[in-house]
Amino acid sequence: MENAFAERLVAWQRDHGRHDLPWQVDDPYRVWLSEIMLQQTQVATVLDYYARFLARFPSVETLAEAPVDDVLAAWSGLGYYSRARNLHKAAKRVMDVYGGAFPQARSELETLPGIGRSTAAAIAAFAFGEREAILDGNVKRVLTRAFGIAGFPGEKAVEKKLWALAERLLPETGIQAYTQGQMDLGATVCTRGRPACIVCPMVDGCVAAREGRTGELPTPRPKKTVPTRDTVMLMLTWQDKVWLERRPPSGIWGGLLSLPEFAGSGAAEDWACSLGNVDVDIAWPELEHVFTHYRLIITPLPARLREGSANLVRDGGGDWWPLAEALDAGLPAPVKRLLGRLAPRA
DNA sequence: AAGACGGGGGA
DNA sequence: TCCCCAGTCTT
């Protein structure tokens with residue numbers, strides 16, 4: 001083999017990789033089962049389930065003949081239960097279409113339910129020695145770091161680049177050791193949190209190690225657009241005072257003074273008007289406040305109490321605050337902004 | 001308390 | 001074709 005990457009990896013796998021995993025056997029059924037279990041689950045967790053599952057369903061035939069509920073029961077606790085349903089479907093297909101013998105080609109394995117490109121390649125390589133590239137989370141981490149590939153690997157263009165690279169790096173021989181080596185290196189050395197670059201066989205050419213970027217690579221998934229919540233804040237004034245309420249000690253703005261909130265302007269108006277002679281203004285333009293986990297859209301609704309029950313009560317309590325005093329108290333930033341706009345006319 | 005994980009299925 | 005989701009574990 002002429003590429004140093006594969007050469008080093010295979011040598012490392014021989015000396016430091018894992019050789020005693022129960023699915024490192026010459027049996028496509030066991031290889032397949034392990035690859036499905038390992039899809040979203042780590043080795044340590046899989047070991048137990050794998051042994052029990054195999055005891056209950058020792059062959060693709062017994063699996064195919066079992067009721068799907070039994071399969072799900074054996075899977076119970078592993079999560080992602082569609083994996084178990086697909087496993088059962090695939091077992092039936094292997095029996096019906098292939099007479100119980102797994103197909104050998106990656107392309108054909110890929111047609112079975114629950115088997116995508118990477119899983120198909122892993123089965124083809126481990127069970128049949130086919131020269132196929134895998135691209136699971138471990139490989140993505142190793143490749144993005146070693147070659148300094150930025151951009152979220154789930155993104156189409158980045159993933160395409162990684163697949164091309166993975167195929168280019170494939171050795172001519174020793175596909176099992178090479179494939180296992182990538183998985184082992186990613187799982188035990190090139191880990192997400194604190195990669196052990198000091199013992200890594202690839203550290204010499206590694207872009208991330210050289211440039212101190214192991215913390216940035218692989219590029220994390222872009223933050224989900226945070227959900228949006230809407231609230232109406234009633235800016236109720238009486239003489240030169242504003243009605244404020246103390247927020248609960250925990251949660252957002254815990255313990256701060258804030259304006260009373262309502263789900264809609266209707267609810268806010270209803271409450272305000274129940275207090276007596278109240279003028280409700282037209283709502284002010286919406287105010288957006290961004291938290292780490294959601295966006296809050298605030299509709300400020302100004303209202304003035306002319307006369308009536310100034311000793312009003314709302315659950316959670318509240319008080320009339322002279323505007324100047326309120327502005328000095330602990331207030332959420334957007335509430336302070338709102339009260340600031342109120343001040344000139346108070 | 002949030003992100004990782006591979007494939008399926010819906011848009 | 002692309003994007004979002006799922007269920008458990010790890011950090």
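A note on names: the letters A, B, ... follow the listed sequences, proteins ahead of strands, and every chain is numbered from 1.
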Task: Check: A/E245/A/S258 side-chain N/O donor and acceptor closer than 3.5 Å - done: no
TODO: Check the distance between B/dG8's C1' and A/I115's CD1 and give it to me in whole angstrom.
DONE: 13 Å
Open item on the list: Under a 3.5 Å cutoff, is there a donor and acceptor pairing between the side chains of A/R141 and A/N138?
Closed with: yes
Task: Most 5' of A/Y49 and A/E155 on DNA chain C, judged by nearest nucleotide - done: A/E155
Open item on the list: Taking atom types as they are modelled, would you say the side chain of A/Q40 forms a donor-acceptor pair with the base of B/dG6 within the 3.5 Å cutoff?
Closed with: yes
Task: Separation between the P atoms of C/dT11 and B/dG6, rounded to whole Å - done: 16 Å
- [ ] Measure the acute angle between the ring planes of A/W271 and A/W243, then classify it against the limits of 30° and 60° as parallel, tilted or perpendicular.
- [x] tilted
Task: A/Y81 side chain near C/dT8 phosphate (N/O to OP1/OP2, under 4.0 Å) - done: yes
Open item on the list: Rounding to an integer number of angstrom, what distance separates B/dG8 and C/dC9 when you compare their P atoms?
Closed with: 23 Å
Open item on the list: Wobble G-U and Watson-Crick pairs count when both distances are under 3.5 Å; given that, what is the 5' to 3' dot-bracket string of DNA chain B, with | for pairing to other strands?
Closed with: |||||.|||||
Open item on the list: Looking only at the aromatic ring of each residue, does the gap between the centers of A/W238 and A/W320 stay below 6.0 angstrom?
Closed with: yes
Open item on the list: Base, sugar-phosphate or nothing for A/L38? Non-hydrogen atoms, less than 4.0 Å.
Closed with: nothing
TODO: Nearest whole angstrom, please: distance from the P of B/dG6 to the CZ of A/R117.
DONE: 14 Å
Open item on the list: Considering every strand and a 4.0 Å limit on heavy-atom distances, what is the contact class for A/T119: base, sugar-phosphate, or nothing?
Closed with: sugar-phosphate
Open item on the list: Mind checking if A/G137 touches a base, just sugar-phosphate, or nothing, with heavy atoms under 4.0 Å?
Closed with: sugar-phosphate
TODO: Hey, which sits more toward the 5' end of DNA chain B by its nearest nucleotide, A/R83 or A/K89?
DONE: A/R83
Task: Spacing of OG1 belonging to A/T299 relative to CD belonging to A/E261, to within rounding of 0.5 Å - done: 11.0 Å
TODO: Check every strand shown and say whether A/G77 touches a base, only sugar-phosphate, or nothing at a heavy-atom separation below 4.0 Å.
DONE: sugar-phosphate
- [ ] Can you sort out the partners of A/E110 under salt bridge (charged side-chain N to carboxylate O under 4.0 Å, His left out), two or more places apart, ordered by chain and number?
- [x] A/R106
Open item on the list: Go nucleotide by nucleotide along DNA chain C from the 5' end; which of A/G193 and A/G79 gets its closest nucleotide reached first?
Closed with: A/G79
TODO: To the nearest Å, give me how far apart CG (A/L78) and P (B/dC5) are.
DONE: 18 Å
Task: Candidate nucleotides B/dA4, C/dG7, C/dC9, ranked by approach to the side chain of A/Y80 - the nearest - done: C/dG7
- [ ] May I ask you to say what A/R141 touches in the nucleic acid, namely base, sugar-phosphate or nothing, with a heavy-atom cut-off under 4.0 Å?
- [x] sugar-phosphate
Open item on the list: Between A/F57 and A/Y29 (judged by ring centroids, cut-off 6.0 Å), do the two rings come close enough to count as a pair?
Closed with: no
Task: Between C1' of B/dC5 and CE of A/M37, the distance in whole Å - done: 16 Å
